[in-house]
Participant: 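Structure below; questions to follow.
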Amino acid sequence: MIDPDLLSRLRQQDIAPRKMLIGKDWCPSSTGETIEVISPIDGRPLTTIARGSARDIDAAVAAARRCFEAGTWSRRAPAERKKVLLRLADLLEQNAQELAVLGIRDNGTEVGMALKAEPLGAAATFRYYAEAIDKVYGEIAPTASSALGLIHREPVGVVGAIVPWNMPLMIGAWKLAPALAQGNSVVLKPAEAASLSLLRLAELALEAGLPEGALNVVTGAGAVVGEALATHMDVEVLAFTGSNVVGRRLLEYAARSNLKRVYLELGGKSPNIVFADAPDLEIAAKAAANAIFRNSGQVCVAGSRLLVESSIRDSFLDRLVEITAKLRVGDPLDAQNDIGAVISEQQLSQNLGHIARAVNEGGELLFGGERLLQETGGFYQRPAIVTGITPNMALAREEVFGPVLAVMSFDSEAEAVALANATEYGLAAGVWTRDLSRAHRMVRSVRAGLVHVNTYGGSDLTVPLGGHGQSGNGHDKSLHALDKYTNLKSAWIQL
Ligand code: NAD
């Protein structure tokens, strides 16, 4: 909950034009160009960010490399790095309300979700990896007694991180915290549509004592600064969260530059599968609405396909419509609203286009799907429920990344599995059943990096999040994420 006085002050506050962090300096773009930031709350300009260039990326990577080679961060004892990252976690918490409002004005996420997941989620992530880093040991290999085999984990050097506009602080922290904890230097490229809170995080990182060059932030267009970072010859690892289209490009960029390791966390078309024996159908219906409609569906693991057993289909949909009709859409800074704004005019018209196409292909718009509150100038949409979807229709296969639910039904467990796996994606899934054996069978058979059982969402930092199929090849969260940012080095010592 944000203090109401603070909120009314922060929501009016002018935001000064933002520069980029390269080394210890806050710099404009080398070209002097800027990008106007539009708030999805009212469609009005909020401020500007620097439109970075390939030259800015060169400067940022050079600063990151200098820091790495100087050892001011990379060779600090893990317990010392831990202190700095814990201070950063504290600062994120102390500034949580201000950071949440800044982020919401930038990307429109509803305040309840934004406060918890963004500054507080980022703080928890920095704390998790800070606490981990002085407890992770190397290995001694099981050699014959005539030799000693040591297995070290070394930081890779310079890490490039490219992140999307939904949940920028949380997803940014999922990459920055393990990469920095391991002693790497990072060049971060936030999304054009949501850079402000990550720029503020960088200020707090300097305040926490992160040495110059350990974290650099270059803002700007993906096709310019993103490409320059991904093709850079001095970046060893690229960690990316975003769309499959861009993910594919990054693999090409790596192949034509220095074969850097590329970790992709991509999109999804996640099935939420409700069997007739779900423990509580009311809870399942609420969760199904929440799984696709919170943050206007702009959640990578959104349960965007509802697969419901035929015998309960009609009654379950009645419940779902009733619940969805009560969801309030509007100003994301108003805690009374359940759903905030869609990121942009363009995304909103794409969402509406997906609905129109589904109806054209034979689907039925059971609820919602229209633009709302146009008079505010902002980008709002009523959640849409589309039934009659078959596996070959676009809405069954393509990620919308908006509040649009595709509904299908099934008659058997085997059919549910076949429908669930009938997309190129494999990010997340939900299964609702009180049959323990069936739950375990479904966990094994559904192609997804994360399967929820009798819930949807809410997994914490202790479990990895990553895609199967074309949802990616890397994992954020948990101790496994540390592996992405290290090289294994073996030493063979003859005794
Ligand atoms: P996007 O792929 O358009 O952009 C992501 C980032 O890539 C941005 O910073 C963008 O500027 C940059 N970029 C764009 N073109 C580039 C290029 N040619 N070279 C290098 N970088 C480039 O994605 P988005 O619209 O910001 O985010 C939505 C997507 O992210 C959805 O597909 C969603 O599912 C996915 N996502 C996945 C996860 C996950 O954990 N798997 C989490 C959140 C979002």
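Counting starts at 1 for both ligands and their atoms, in listed order.
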Participant: Once ring pair (Phe, Tyr, Trp, His ring centres under 6.0 Å) is applied, do any residues pair with F68, and if so which ones, sequence neighbours excluded?
Facilitator: none
Participant: With no hydrogens and no angle check, do the side chains of D58 and H232 hold a donor and an acceptor under 3.5 Å apart?
Facilitator: yes
Participant: Could you list each N/O atom of ligand 1 together with any protein N/O atom closer than 3.5 Å, one pair per line with the distance?
Facilitator:
unit_1: ligand 1; atom_1: 2 (O); unit_2: S243; atom_2: N; d: 2.8
unit_1: ligand 1; atom_1: 2 (O); unit_2: S243; atom_2: OG; d: 2.6
unit_1: ligand 1; atom_1: 9 (O); unit_2: V163; atom_2: O; d: 2.8
unit_1: ligand 1; atom_1: 9 (O); unit_2: K189; atom_2: NZ; d: 3.3
unit_1: ligand 1; atom_1: 11 (O); unit_2: K189; atom_2: NZ; d: 2.8
unit_1: ligand 1; atom_1: 11 (O); unit_2: E192; atom_2: OE1; d: 2.7
unit_1: ligand 1; atom_1: 18 (N); unit_2: Y253; atom_2: OH; d: 3.1
unit_1: ligand 1; atom_1: 19 (N); unit_2: G222; atom_2: O; d: 3.4
unit_1: ligand 1; atom_1: 25 (O); unit_2: W165; atom_2: NE1; d: 2.9
unit_1: ligand 1; atom_1: 26 (O); unit_2: W165; atom_2: NE1; d: 3.3
unit_1: ligand 1; atom_1: 30 (O); unit_2: G242; atom_2: O; d: 3.4
unit_1: ligand 1; atom_1: 32 (O); unit_2: E399; atom_2: OE1; d: 2.6
unit_1: ligand 1; atom_1: 34 (O); unit_2: E399; atom_2: OE2; d: 2.6
unit_1: ligand 1; atom_1: 41 (N); unit_2: L266; atom_2: N; d: 3.4
unit_1: ligand 1; atom_1: 41 (N); unit_2: L266; atom_2: O; d: 2.7

Participant: May I have all residue pairs that pass salt bridge (Lys or Arg N to Asp or Glu O under 4.0 Å) and include part of residues 34-51, sequence neighbours excluded?
Facilitator: E33-R51, D42-R44
Participant: Mind jotting down which residue pairs meet the side chain to side chain donor-acceptor pair (under 3.5 Å) criterion with at least one end in residues 376-387? Sequence neighbours excluded, please.
Facilitator: N351-Q381, E370-R382
Participant: I'd like to check Y263 versus K175 (side-chain heavy atoms, cut-off strictly below 4.5 Å). Are they in contact?
Facilitator: no
Participant: Verify the distance criterion only: is there a donor paired with an acceptor across the side chains of R261 and N473 at less than 3.5 Å?
Facilitator: no
